[in-house]
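In what follows, a structure is listed as structure tokens, so that the remarks can point back to it.
This structure is a prediction, so every number in the text was calculated from the model and none was measured.
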Amino acid sequence: LYPTNTNYKISFFGKARRLVAQIEKQQHIDVITAQDPFETGIVAAYAAKKWQIPLHVQVHADIGSPYFATSLFQKIRKIVGMKVLQRADSIRVVSNSIAAFLQQREIAVEKIAVIPLVSHIQEDHTKIQKEQFCSASDRLFLMASRFTKEKHIDMAIDAFAAIWKEKAAGHLVIIGEGPLEENYKEHVAQLHMTAHVTLLPWQKNITAYMRVADIFVLTSLYEGYGRTLVEAAAMATPIITTNVGCAEDVVKNSENGMIVPVDDLQALKEVIKLGMDEEVCEQWKMGAQNKSLEIKKSQHVQTYIQTCTD
């Protein structure tokens, strides 16, 4: 490992360039891989050209999402990132949606390998009682996320508030932490939903909550992958999610949940109401059991090695 030990991106490039020269003197390199096509990708592309070796780039962010590049800084990063990807000899992406976007941008399909993140799911056998939050007959919905803008958790809170105006049903538990935590607490209070929306601190293992929840909810504006979707599917928990990351790989509409358009409050509200129906929820749970059986140990690591060496 050759850490740059820099606190600022502007100083990263100078230190990284010096490290490239240092590494070149010390050992022979056959291939170089970058963990992203942005700052790291720029340095990797420079080293690959200097050493005349193949460039392999990983893409974990959904750079095709219109919500990814909303600031000038992110727009510049996206432009630079696309140039690095066009220069790359091979590309690893974590979801089919990212692969589809790159193909639309005329990056050769044979360069792209879809290799999801390896999810080593450890079950937490802590006893969580549904009755801690709602009655056994009511629907318990669960979210687990960083409290940041792109996770769009406020949309889920708004959807529940709208539903409770129409009919008293459902309880939402949100597990997480982040800069918007106080904002969400205030938002819940302003909507008079404190009895029906519970915010809990982030926990390393949330599978115990997934097992007791009736439905897992994800409302992100964009995701590179969406690991919690895989974890929920592995726990045989039905899922309602926006169409981000690996959603289409994990959720089959009307089988083990539903996928809704990004940033569509009305669609989310209607699907949550649908999930509150006992017959529908039981149908989704049966489908979720089947999906859980499909989630086994993958060979993603071996596939990743293959993309670097081909």
Side-chain angles (χ1 to χ4, degrees), residues 1-4 6 8-24 28-118 150 220-226 243-249 262 300-310:
L1 294 175
Y2 296 85
T4 58
T6 54
Y8 304 100
K9 292 185 184 296
I10 192 68
S11 58
F12 165 80
F13 293 105
K15 184 63 180 294
R17 187 166 180 170
R18 289 192 293 273
L19 282 175
V20 168
Q22 177 185 338
I23 296 167
E24 185 178 24
H28 173 74
I29 306 295
D30 296 309
V31 62
I32 187 166
T33 181
Q35 68 180 13
D36 63 66
F38 311 116
E39 294 81 9
T40 308
I42 293 171
V43 175
Y46 165 75
K49 184 176 181 180
K50 181 177 176 62
W51 298 338
Q52 293 296 296
I53 59 173
L55 170 64
H56 177 266
V57 181
Q58 302 181 55
V59 186
H60 294 256
D62 186 5
I63 58 176
S65 168
Y67 298 97
F68 175 77
T70 54
S71 67
L72 178 61
F73 176 66
Q74 284 293 85
K75 288 176 181 177
I76 293 172
R77 289 182 83 224
K78 181 174 180 178
I79 292 171
V80 171
M82 289 306 304
K83 290 186 179 297
V84 170
L85 290 170
Q86 288 161 356
R87 158 75 177 81
D89 297 284
S90 61
I91 302 168
R92 177 264 181 112
V93 300
V94 295
S95 68
N96 286 308
S97 59
I98 300 175
F101 170 73
L102 295 183
Q103 290 171 40
Q104 291 170 6
R105 298 297 291 266
E106 299 184 349
I107 291 179
V109 64
E110 57 269 19
K111 282 187 177 184
I112 305 169
V114 180
I115 308 173
L117 298 175
V118 178
E150 69 272 13
S220 297
L221 294 172
Y222 64 89
E223 291 276 354
Y225 184 55
N243 194 5
V244 294
C246 64
E248 293 183 352
D249 303 321
V262 173
H300 299 328
V301 173
Q302 186 59 41
T303 307
Y304 171 64
I305 293 171
Q306 189 66 33
T307 64
C308 292
T309 55
D310 281 349

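- Note that CD1 of I107 and CD1 of I91 are 4.5 Å apart. Values are rounded to the nearest 0.5 Å.
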Might you work through the side-chain contact (heavy atoms from CB on, under 4.5 Å) test for E150 and Y67, ending with a clear yes or no? CA-CA 8 Å; E150 69 272 13; Y67 298 97; over 6 Å; no
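- Summarising the geometry of W51 relative to V20, their closest heavy-atom pair is CZ2-O, 3.2 Å, with the distance given to 0.1 Å.
- From L72, atom CG reaches atom CZ of R77 across 12.5 Å, with rounding to the nearest 0.5 Å.
- Residues E248 and N96 bring no donor and acceptor atom of their side chains to less than 3.5 Å of each other.
- K78 and F101 get closest at one heavy-atom pair: CE-CZ, 4.1 Å.
- A side-chain donor-acceptor contact under 3.5 Å links Q52 to the backbone of K49.
- Here the closest heavy-atom approach between residue S97 and residue G245 is recorded as OG-O, 3.4 Å.
- Between K50 atom NZ and I32 atom CD1 the span is 12.0 Å, to the nearest 0.5 Å.
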Verify side-chain contact (heavy atoms from CB on, under 4.5 Å) between D89 and L55, making sure each step is shown before the conclusion. CA-CA 5 Å; D89 297 284; L55 170 64; 3.9 Å; yes
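- Put simply, CD1 on I115 and OG on S95 are 12.5 Å apart, with the number rounded to the nearest 0.5 Å.
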After noting the C-alpha distance and the side-chain angles of F38 and V80, does the key distance pass the side-chain contact (heavy atoms from CB on, under 4.5 Å) rule? CA-CA 6 Å; F38 311 116; V80 171; over 6 Å; no
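- Taking NE2 from H28 and CD1 from I23, the interatomic distance works out to 13.5 Å, rounded to the nearest 0.5 Å.
- Contact between D62 and F68 at its shortest, heavy atoms only, is O-CB, 3.5 Å.
- The backbone N or O of I112 sits nowhere less than 3.5 Å from a side-chain atom of R92 that would complete a donor-acceptor pair.
- Atom CD of Q58 and atom CD1 of I98 lie 11.5 Å apart (nearest 0.5 Å).
- A donor-acceptor contact under 3.5 angstrom links the side chains of S220 and E223, judged on distance only.
- In this structure, the side chains of V43 and F13 come closer than 4.5 Å at one or more pairs of heavy atoms.
- Heavy-atom minimum distance, R17 versus Y46: NE-OH, 3.2 Å.
- Residues L117 and H60 form a side-chain contact, since some pair of their non-hydrogen atoms from C-beta on lies under 4.5 Å apart.
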Trace of the side-chain contact (heavy atoms from CB on, under 4.5 Å) decision for S90 with K111: CA-CA 5 Å; S90 61; K111 282 187 177 184; 5.6 Å; no
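- The minimum heavy-atom distance between V114 and V94, with the atom names listed, is CG1-C, 4.4 Å.
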Tabulate below the donor-acceptor pairs under 3.5 Å that side-chain atoms of residues 81-88 make, not counting sequence neighbours, or state none.
none

